[in-house]
Novice: 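Just dropping this structure here.
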Amino acid sequence: MRQIQLLLAAFLIIPATSACKPSGREKPSVKQPVAGIERRIVPPPDWLKSRAEEQLATSSRFDVFHDFHFTDELSSSGISFRHRIVDCAGYRHKAAHYDHGNGVVIADVDSDGKYDIYFSNQVGRNQLWRNLGGGKFEDITEEAGVADGDRIGVSAAFADIDNDGDPDLYVTGTRAPNVLYENDGTGHFTNISESSGVDYTGHSSAAVFFDYDRDGLLDLFLCNVGVFTTDRYEKVINDATTEVFEPGDYYYYVASPDAFGGHLLPERTESSRLYRNQGGNRFVDVTAETGLEDATWNGDAIPLDVNEDGWLDLYLCNMQGHDQYYENVGGEKFEKKGRDLFLATPWGSMGAQFFDFNNDGKLDLYVTDMHTDMAEDIGPEREKLKNTVQVPESMLNRQGIPSIFGNAFYLNQGDGTFTEVSDQIGAENYWPWGLSVADLNADGYNDVFITASMNYPFRYGVNSLLLNNRGQEFLDSEFILGVEPRAEDKTEMGWFEVDCSVDKEHRACEGFDQAAAMFGNNPKVTVMAPRGSRSSVIFDLDDDGDLDIVANEFNSEPLVFISDLSEKTSIGYLKIQLEGSQSNRDGLGARVTVQAGSNSYVKVYDGQSGYLSQSLYPLYFGLGEARAVDQIEVVWPSGQRQVLAGPIPANQLLKIKEPEPVALQID
Amino acid sequence: MKTSDYVGSLLPLLWLILLSGCDQRDSREKPRLPQLADPVTVVVTGIDFKWHARNPGLDCTLGTPDDIQTVQRIHLPTASKVRLELHSEDYLYIFSVPEQNLREIAMPNLTFTLDFELQGEGEYELICEQVCGRIRQMVLGRLVAMSPTDYLSWMKSTGETK
């Protein structure tokens, strides 16, 4: 027993500062109260410095442009949103799906040409921040009517469900009806959930709008995780660490203590749903009739036309088992073909993106795997390696099918098959959630930002920024480009407070008596925990031509990374905004090919902006040295092919409208 | 026959009775080598991050009054077939003894079994790693691997003190 205590002491108890006196490293932009003794569950990441040095030393092998920098400009942005968590991820921590956090989405909600940000929150209001230009924002949540502060939120999706030219909003939650808002075009929203038919109540996760039947109306695929809560309904604890959040009493359903094994119990299955848009802002559940009843623990999904037949298929991320791929058969049904095309998939998938990695005109699939990293403690030196996973087969429940224990990257071979190359191209990382893909250095190749880190009670993990080395490999660049280390080295924060004179059995109070004597017997302990991100979106926030990154954190304020690329070098880019006519107004599902000299760039507009998030934004094509494009081809969801001949000058926002169908006149 | 000879001849018989464990009544009628149940079945349940064990008592039958219940110490014989029935009353656990290459989960409402033979006497930490949602390498108890003789002695002594 003594040995156990010593072991715990080594991990648990590192008194840091005296009461109410922040340490020198704690200079947050917002109030960060510290009550009594600080305790860390894990040591501070002293490995960050050496990691940074090692990565900086690799920059000499970079062929790609990397002489630019991201700076966290949260304080100057005016954004004061703070994400807040339920106690199952803090004071009463247990391994459950509340730790997946929330999405962040963008769209131009008021038609002023600037992209506004909507942060989803777990506890407290979601918030809509209007882009004022110049990197400044203002909170318009209340006047927009999209707060939803009375429920535990999860994800958000912008989509024009009625083709009237403005982004509507769908918000999911845990055991509260999901909400559909109709936008009046000025950024004022009306709750139409009940009449819409998509006010599902359960353990919802991501929402994916796509036009599966190509009737010009966006349908909805709603990802449902599985039953991970009990019926216990409790109030979220308010303490000194939560004073920085909006005041108020909030309630949540306590997570099941065995939630992480829920996939082993069929009674906890909660199938994802497919809703067909019937028009008139009404949807009908077609899950069963289309064959999409899926029992996996599905947190996110992406629409993708794998077989290039014009019908959007679905890839479902299963966070506890094999992923699933469903092929769309003529917009009438979906056939499960996961094992045919992707035999081995990540066991604990979170996010996925479908994009062209090497500019060969073929779209590749990148899947991030977080849950596998739950299986064992991986040190900083092993983050780029696959997990060795010693979890018993009974937990994996694989039924003899192989898995990948880490991220997967499926390179499209062009013959209907994919080859998994994640380790060859450096696509592995640690504690990943979802990914955002865009050309951050405008060189014509898609780069990747992966939100990562698991927060309390685990060690700090870095967000990953992977620069695409001309389609050959990904280069770790988060330190080189300023994403890490965090501003002011803020890798930890007060997570919750414990009064050890009351809750003596709390794990944070182990060995408290000895420690307390050193600090005047103050019974209050503030438990420190690592920061971490969940969802991100990449867009030109300040309209200066380069791409910026916004991340929704877990239990803290967002990251607002502003790029100085356009100040450091002359860049060529083209932004393309689509407007469907026959197709859905957003043009979701369109495939756009830009030809610039001998280079050809392909993107599919799917709105998949990051984990738990779907946004509406212009496609961004980095053009490398080119300053004009020779041709743009758009294949619309309707099937119509539209070609715009060049030269078309670079460095502009180009709006492309789908031609109206030509009426045939028969005499 | 001298008294000492008489006692001396009884000693082996008494020793066999002591060690015969589960088959005590039969062995009185027909002395034979020490014998354990085949397999030795032990129920192990995770409760609040501690392993609770229920070993059969001298009647070799689980679920009877002479079962031996322990917390955070699981006693098992070496060189014998063992079956663990793993349960949980709350969290998802992993029963793990890397040194013996043993890993299995315990989950409420489900029963998982581990069949094995322990090699080597000693004590092993029962560690649950990150999957338990706790600090890395949380120790949920200890496995005490004992020779069959010591195991039988432990059964008897523990049973007698109940």
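Computed from a predicted model, the values in this text were never measured in an experiment. Below, chains carry the letters A, B, ... as their sequence lines are ordered, and counting in each starts from 1.
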Novice: With a 4.5 angstrom heavy-atom cut-off, which part of B:Leu110 approaches chain A: side chain, backbone, both or neither?
Specialist: side chain

Novice: Can you see which heavy atom on A:Gly261 is nearest to which on B:Met107, and at what distance?
Specialist: O-CE, 3.2 Å

Novice: Using 0.5 Å steps for rounding, measure from the CG atom of B:Asn109 to the CZ atom of A:Arg268.
Specialist: 7.0 Å

Novice: Side chain, backbone, both or neither: which part of A:Asp99 has an atom under 4.5 Å from a heavy atom of chain B?
Specialist: neither

Novice: So which heavy atom on B:Tyr91 is nearest to which on A:Pro257, and how close?
Specialist: CD2-O, 3.3 Å

Novice: To the nearest 0.5 Å, what is the distance between CE on A:Met395 and CZ on B:Arg103?
Specialist: 11.5 Å

Novice: Which value, rounded to the nearest 0.5 Å, describes the distance between A:Ser256 atom OG and B:Leu92 atom CG?
Specialist: 11.5 Å

Novice: Does a sphere of radius 6.0 Å around NZ in A:Lys386 hold more than 12 heavy atoms from other residues, nucleotides or ligands, not counting ones at 6.0 Å or beyond?
Specialist: yes

Novice: Against chain B, label A:Leu264 side chain, backbone, both or neither, depending on which of its atoms sit under 4.5 Å from a heavy atom there.
Specialist: both

Novice: Please determine whether the number of non-hydrogen atoms from other residues, nucleotides or ligands lying under 6.0 Å from atom CD of B:Glu123 exceeds 12.
Specialist: yes

Novice: For atom NZ of A:Lys504, decide whether the heavy atoms of other residues, nucleotides or ligands shown that lie under 6.0 angstrom number more than 12.
Specialist: no

